[in-house]
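Below: the structure, in structure tokens.
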Amino acid sequence: MRIRFWGVRGSYPTPMHPEVLREKISTVVQRIRPRDLETQDSRERFLAGLPEWLYGTPGGNTPCIEVRLNDGTCIILDAGTGMIPLSRALAKEKQAPGSYHVFISHFHYDHIQGLPFFGQAYHPSIHMHYYSPVPDLEFILKDHMQHPYFPITMEDKMTKNQFFHCIDRQQEVRIGNAVITWISLNHPGGSYAYKIREGNKTFIYATDIELCEQDFDPAGSKRLFFNEADALVMDTMYTLGESIEKYNWGHSSFSLGVEFAVQCNIKQFFLFHHEPNYTDKQLYSNLHAARWYAQRQKSSMIIKLAEEGTVINPGELQTS
Ligand SMILES: [Zn+2]
Ligand SMILES: [Zn+2]
């Protein structure tokens, strides 16, 4: 199983403002010393030494994650605007998949607004499978893609090979050699986490979740679902202070997320659904605070910021 982040930002797309880009360039220029420019090696060393918030960006697209199973099967977690660059990348693949399996965490705009622009879904030979525990899955998706919200409909223009799977709790979804299960999350209107197990590796996608006290119960359903995952992507939108201010908004702080992941003995933990108001610098500062917080709990869990373009393999532990 190989996982790639295409959209990591919460709530709404956050393209980089020209002012922010200018500030980044200006800060980099101020750091250059003449000897940094002398050779190709020195230039590369200089760039590699820049802080991650300056040289890169986590990206501004809303949630979309690609999961490729070992046999090449393509699972897509959420259909935020990250689904648009995913579609472009798939169009360049020589042997792109003929079927896509799209699991929707819930139907807030940031999790479905890329779907109308997923070019593959318009090709008559492509098979599109949609999954959710919500019985109205088909109605909701078709309803949001019609006049006056969008000029064309799923029924008229997209492939006729579209299948809507409402999954219930007893039912495991089997796709290729993978087994997918789900659990409901605390979020206004509901949201669902998906666990993908292939071979002996487990990956969990849990976005739009406000962790609460009972989630920490060692015998509770949440702990049993999350325990021992090789990689967990979790909504850690806020700082602790902001999560208190925004109690009941349906998102977690990174510190509570770390605490939960440590208790579940997660191996790799990815901070996700980044607050659109936070600067890149603030997001990376949250990452460092999260690592410090895990170390204080004597945990060796690897913690990373979900960034567009990052590829992870839950079977291979990476150092942080
Ligand atoms: Zn969201
Ligand atoms: Zn939401």
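Ligands are counted one by one from 1 in listed order, and the atoms in each one are counted from 1 as well. Excluded from the calculations below are hydrogen atoms, water molecules and symmetry mates; all remaining heavy atoms, backbone and side chain alike, are included.
- In this structure, D235 does not pair ionically with R9, as no charged nitrogen and carboxylate oxygen lie closer than 4.0 Å.
- Annotation: E228, atom CD; neighbour count of heavy atoms from other residues, nucleotides and ligands within 6.0 Å is above 12.
- Note on H187: its N/O/S atom closest to the Zn ion (ligand 2) is NE2.
- No salt bridge links E38 with R35; every basic N to acidic carboxylate O contact stays at or beyond 4.0 Å.
- Checked by atom type and distance alone, the side chain of R223 pairs as donor or acceptor with a backbone atom of F216 at under 3.5 Å.
- Defined by atom type and a distance below 3.5 Å, a donor-acceptor pair is missing between the side-chain atoms of E259 and S255.
- Excluding waters, the set of protein N/O/S atoms under 2.8 Å from the Zn ion (ligand 1) reads D110 OD2, H111 NE2, D208 OD2, H273 NE2.
- If you look at Y194 and W182, their ring centroids are not closer than 6.0 Å.
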